[in-house]
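None of the values given here were measured: they were computed from a predicted structure. We count ligands from 1, going down the list as the structure has it; atoms in each ligand are counted the same way. Throughout, numbering of the chain's residues begins at 1 and tracks the sequence.
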Amino acid sequence: MSTLAVAGGRVLLPNHSIEQADVLVDADAGEILDVAPDLAPEADETLDASGGLVIPGLVNAHGHAAMTLLRGYADDKPLEAWLQEDIWPAEAELTPEDVAAGTRLAAVEMIRSGTTAFADMYFHVGEVVEAVREAGLRARVGHGVVTVGKDEEAARADFAESLSVAEEYDGAADGRIRTAVMPHAPHTVGTGYFEEFVPAAREAGLPFHFHLNETEAYLDPVAEEAGVRPTEYADDLGLLAEDTWVAHGVHLDSGEVDRLAESDTAVVHCPASNMKLASGMAPVQAMLDAGVPVALGTDGAASNNDLDLFGELRDAAMLGKLAADDAEAVDADAAVRMATEGGAEALGFDGGRIEAGAKADLAVVDLEAAHLTPQHDLVSHLTYAVRGSDVRHTVCDGAVLMRDREVLTLDEEAVRERAEEAASELVARAED
Ligand SMILES: N[C@@H](CCSC[C@H]1O[C@@H](n2cnc3c(=O)[nH]cnc32)[C@H](O)[C@@H]1O)C(=O)O
Ligand SMILES: [Zn+2]
């Protein structure tokens, strides 16, 4: 067994108390062995956490990683126009090589800002899997399905692909990769396709991930077709369950919130994306009060426009107060829980907490900075004041992905160059 000690710093414990302690990791098993003072002398390798805070690696529970290539390509538009006029035409030109380049860029950005696990709904999942394997991250990946606007053969092929890639890649990269079936949204997939494929996916034990009630406009097609709210429709189709996690949940009525709570379906709040596309304000405090599991996500970089999850911690706390008209709503503690254990639970990973037996997914935040002085309350700092660039080291599955701000698993400069090139060629093809 080879061991790694993250030593000399303070540690955020699962109850959110802070203790001066070292974290000893079994690097082979990728698990935390112990959290206690003076463990460094026992370890084969040490990461210096002095002046820093060891936190669980953040979990970005909803996104489209390769959309980094479309960062800043089309801004300042509402969701439907943005998707239909700009994003979908560009995505029609996406090659597997583009997805490889864009996902590697996303991985570098996430590692640099302390994210160790993420969810990805996109195309060319084989390329996503390769990028995640190389980066050393943990991910729940899947192929997004859209059937509207497609003929029956193409629509069935799209859903069938979501199932087959989910079966093919589950457990890849030493188990760091898990999968899910990912119908894009209740209204972008026809009822008949859900009825055909959902039972097969359930039989294969695969979880589901989809966009739910992101904008007002997402509600009408389901109301017209099925006469119910989308959450009830999804429930009737067998889509809601403890292993399902949905993105957004912006426009939910109280019956839908109760249904999500009863089915133990997790909701990924994406505050920056919701603000940028003017989608609305999710009732996050109401969901927490009702017992809905809530996680945080960036969504794609084209609607954010970065993948620094610390931005979402702050945005969630800020927007949660506005939405509830209550400054006590979505406090710092709640935001940190959503970004750590909430995300790990939504994605079905045994992480999100620094304690013996948990997955060794962690980040060390450097606290020696003007904007983090003084240190009255470090949970407050994590939500309101820390930025991704304050992260000193990132560890996933017991492996060091970034040491002293140098990414070790990917060649950062080469990744940026490749992404720049792929992005300009993609946009040139789309506008041709
Ligand atoms: N196989 C599908 C692709 C679906 S991938 C998931 C899709 O979600 C899109 N997307 C990104 N962000 C959002 C969002 O906030 N709401 C809804 N869709 C989004 C993204 O651009 C991508 O097209 C097809 O043939 O079209
Ligand atoms: Zn999305």
Side-chain angles (χ1 to χ4, degrees), residues 60-71 73-75 77-94 96 98-99 102-103 106 118-128 140-151 153-166 180-190 193 197 208-219 221 230 245-251 267-280 282 295-305 307 312 426 430:
N60 188 350
H62 175 70
H64 316 274
M67 288 185 85
T68 48
L69 297 188
L70 297 170
R71 188 195 327 265
Y73 171 62
D75 298 309
K77 278 189 162 184
L79 179 67
E80 287 307 313
W82 175 79
L83 282 175
Q84 284 167 22
E85 293 165 15
D86 305 290
I87 299 301
W88 285 346
E91 286 178 338
E93 299 291 332
L94 268 181
D98 292 333
V99 170
T103 308
F118 69 103
D120 193 58
M121 175 200 285
Y122 219 53
F123 311 79
H124 305 306
V125 176
E127 303 296 334
V128 176
R140 228 348 133 175
V141 303
H143 171 85
V145 183
V146 172
T147 68
V148 289
K150 289 181 182 159
D151 65 29
E153 197 185 339
R156 296 188 74 242
D158 205 23
F159 217 135
E161 175 159 5
S162 198
L163 243 77
S164 68
V165 301
V181 175
M182 302 194 181
H184 176 263
H187 72 288
T188 51
V189 174
Y193 301 106
F197 288 101
F208 290 99
H209 178 50
F210 52 96
H211 295 96
L212 182 68
N213 297 24
E214 181 176 2
T215 62
E216 287 275 7
Y218 271 35
L219 308 176
W245 79 111
V246 300
H248 301 296
V250 174
H251 301 278
V267 174
V268 186
H269 178 40
C270 303
S273 171
N274 296 161
M275 289 192 279
K276 184 163 187 265
L277 300 167
S279 301
L296 285 184
T298 55
D299 212 345
S303 58
N304 190 297
N305 285 0
L307 304 181
E312 270 57 39
L426 170 65

Between Phe159 and ligand 1, which residue portion shows a heavy-atom distance shorter than 4.0 Å: side chain, backbone, both, or neither?
-> neither
Say whether Asp299 and His64, considering side chains only, have a donor N or O and an acceptor N or O under 3.5 Å apart.
-> yes
Within the structure, does Ser273 bring an N/O atom to less than 3.5 angstrom of an N/O atom in ligand 1?
-> no
Output yes when the distance from some N or O of ligand 1 to some N or O of Tyr122 is under 3.5 Å, and no in every other case.
-> no
So His211 and His248, would you call those rings parallel, tilted or perpendicular, with 30° and 60° as cut-offs?
-> parallel
Can an N or O of Glu91 be found at a distance shorter than 3.5 Å from an N or O of ligand 1?
-> yes
Roughly, to 10 degrees, what angle do His211 atom NE2 and His64 atom NE2 form around the Zn ion (ligand 2)?
-> 100°
Among non-hydrogen protein atoms, atom 8 (O) of ligand 1 lies closest to His184 CD2, 3.3 Å
Closer than 2.8 Å to the Zn ion (ligand 2), do we get an N, O or S atom from Cys270, backbone or side chain?
-> no
Return yes if a side-chain donor-acceptor contact under 3.5 Å exists between Asn304 and Glu312, otherwise no.
-> yes
Look at the N, O or S atoms of His62, main chain and side chain alike, and state whether any lies under 2.8 Å from the Zn ion (ligand 2).
-> yes
For the residue pair Leu94 and Phe123, establish whether any side-chain heavy-atom pair is separated by less than 4.5 Å.
-> yes
Is His184 close to Val148 at the side-chain level, that is, under 4.5 Å between some pair of heavy atoms?
-> no
Atom 10 (N) of ligand 1: nearest protein contact (heavy atom, Å) = His64 NE2, 3.7 Å
Under-4.0 Å heavy-atom contact with ligand 1, by part of His248 that carries it = side chain
Less than 3.5 Å between some nitrogen or oxygen of Ser303 and one of ligand 1, yes or no?
-> no
Starting from atom 24 (C) of ligand 1, which protein heavy atom do you reach first, and at what distance in Å?
-> Lys150 NZ, 3.4 Å
Parallel, tilted or perpendicular: which fits the ring planes of His209 and Trp245, with parallel below 30° and perpendicular above 60°?
-> parallel
Is the shortest N/O to N/O distance between Gly144 and ligand 1 below 3.5 Å?
-> yes
Do any N/O/S atoms of Glu214 come under 2.8 Å of the Zn ion (ligand 2)?
-> no
Of all the N, O or S atoms in Asp299, the one nearest to the Zn ion (ligand 2) is OD1
Do Phe197 and Phe159 pass the ring-ring contact (aromatic ring centres under 6.0 Å, His included) test, and can you show the C-alpha distance, the side-chain angles, and the key distance before you say yes or no?
-> CA-CA 7 Å; Phe197 288 101; Phe159 217 135; 4.8 Å; yes
Taking the side chain as C-beta and beyond, is there a heavy-atom pair between Met67 and Ile87 under 4.5 Å?
-> yes
